[in-house]
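The shown structure was predicted, so the numbers you read here are calculated from the model rather than taken from an experiment.
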Amino acid sequence: MNPIQLAHSPDADDIFMYYAIKFGWVDTKDYQFENIGLDIETLNEEALKGTYDVSAISFGMYPLIKDEYALLRTAVSFGEGYGPKLIRRKDKKLKRNFKVALSGKYTTNAMLFRIYYPEARPVYMNFLEIEEAVVNGTVDAGVLIHESILDFDESLEVEKEVWDIWVELAGEGLPLPLGGMAIRRSLPLNRAIEIENILIDGVKVANDRKEELCTKLENDALVRISDKMLTKYLDMYASDESIELSALQIQALDKLYELGYKHGLWETPIKTEEYLIPREYSELRSR
């Protein structure tokens, strides 16, 4: 067996997309996947170190690891009219240099936030602590991500949707890129192609057996939310749109990377297609 480290976050959409493999519902050939669950910013930081073979990452930090990791086409999360939310207390007015809690320096929402609010003062913390930090006044505002966007304290309200920031920066018609998967370039190309196809199958099977998988995840206490809220969240971030990057999603990623380059976040512009695993390799081998 070939051991492969598969690192992902503990939020419901990542758990959903990878656990069809964990439960043995997918043919994994001669690979043995080791599931490693860490919060997304820790995964971003570990990707910068090249720690894991395959890892969930924030799309907004991919240009920083492009030489060590290729982008995978599957297990992608995009917003379509929704996404992270900038929240504040209802009795709070934000100044230009407001103090804001973000879920990590390398997250996509932090990237877009810093471009849109250049005078704000970011404080980085675990996403599970952000809501309370805003409620108790430790910060003036915070960006909620993952399941926390669905239900938060009644003393809070939305100041700005990151979706609206994205539309203002990128224009109409593109989904909001949030997170995806990257694979270490040091793996042999034929292996990388096989792993990508296994993960694609895993997301397909998860969607095909959604009700059964959700029940199992809830019964085994593997997710933080349940019932209708779990279904709603998965409809947003783990759907048929997550199986494989579409042409429109690639266009959205190109726009994200264009924005980052324009605002000096990396030194060279990148085009997404150039950093995906070249499928033509396996086509040539099969001839």
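- A heavy-atom distance below 4.5 Å is not found between the side chains of Gln32 and Asn2.
- Residue pairs meeting the salt bridge (Lys or Arg N to Asp or Glu O under 4.0 Å) criterion with at least one member in residues 175-191, sequence neighbours excluded, are Asp30-Arg191, Asp53-Arg184, Arg191-Glu194.
- In this structure, Trp166 contributes its side chain and Gly79 its backbone to no donor-acceptor pair below 3.5 Å.
- Shown here are the salt bridge (Lys or Arg N to Asp or Glu O under 4.0 Å) partners of Glu41, two or more places apart in sequence or in another chain: there are none.
- Counting only distance, with no hydrogens or angles, the side chain of Ser103 and the backbone of Phe127 share no donor-acceptor pair below 3.5 Å.
- With hydrogens and angles ignored, the 3.5 Å screen pairs a side-chain donor or acceptor of Tyr62 with a backbone N or O of Tyr69.
- Evaluation of the side-chain hydrogen bond (donor to acceptor under 3.5 Å, both in side chains) rule for Ser55 yields no partner, not counting sequence neighbours.
- Proximity of the aromatic rings of Phe33 and Tyr18 is defined here by a centroid distance below 6.0 angstrom, and this criterion is not met.
- Side chain of Lys255 to main chain of Gly171: no donor-acceptor pair is present (N/O by atom type, distance under 3.5 Å, no hydrogens or angles).
- Annotation: ring-ring contact (aromatic ring centres under 6.0 Å, His included) contacts of Tyr106 (sequence neighbours excluded): none.
- Counting heavy atoms from C-beta on, the side chains of Tyr117 and Lys160 come closer than 4.5 Å.
- By the salt bridge (Lys or Arg N to Asp or Glu O under 4.0 Å) test, Glu45 is found to be paired with no residue, residues two or more places apart in sequence or in another chain being considered.
- Proximity of Met61 to Met111: side-chain heavy atoms (C-beta onward) are nowhere separated by under 4.5 Å.
- The salt bridge (Lys or Arg N to Asp or Glu O under 4.0 Å) analysis of residues 135-144, with sequence neighbours excluded, yields the pairs Lys92-Asp140.
- At a threshold of 4.0 Å, the pair Glu159-Arg88 counts as salt-bridged, since one of the basic side-chain nitrogens sits closer than that to a carboxylate oxygen.
- Residues satisfying the side-chain hydrogen bond (donor to acceptor under 3.5 Å, both in side chains) criterion with Asp39, sequence neighbours excluded, are Thr42.
- Listed for the Ser242 side chain is a donor-acceptor partner under 3.5 Å among the backbone atoms of Val76.
- Between the side chains of Tyr116 and Glu168, at least one donor N or O lies within less than 3.5 Å of an accepting N or O.
- Under the side-chain hydrogen bond (donor to acceptor under 3.5 Å, both in side chains) criterion, Glu119 pairs with Arg96, sequence neighbours left out.
- Side-chain contact between Glu196 and Leu199: absent, with no pair of heavy atoms (C-beta onward) separated by less than 4.5 Å.
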Please set out all donor-acceptor pairs under 3.5 angstrom arising from side-chain atoms of residues 262-278, sequence neighbours excluded.
from	atom 1	to	atom 2	distance (Å)
His263	ND1	Leu259	O	3.0
Trp266	NE1	Tyr257	O	3.2
Thr272	OG1	Asp254	OD1	2.8

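- Under a 3.5 Å cut-off, the side chain of Arg89 and the backbone N or O of Val135 do form a donor-acceptor pair.
- For the salt bridge (Lys or Arg N to Asp or Glu O under 4.0 Å) test, no residue two or more places apart in sequence or in another chain qualifies with Glu68.
- The salt bridge (Lys or Arg N to Asp or Glu O under 4.0 Å) check on Lys93 picks up nothing, with sequence neighbours excluded.
- Residues Val162 and Lys85 form no side-chain contact, since every pair of their non-hydrogen atoms from C-beta on lies 4.5 Å or further apart.
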Acceptor/donor pairs from residues 21-29 side chains to any protein atom, 3.5 angstrom cut, sequence neighbours excluded:
from	atom 1	to	atom 2	distance (Å)
Asp27	OD1	Lys29	N	2.9
Thr28	OG1	Tyr31	O	3.4

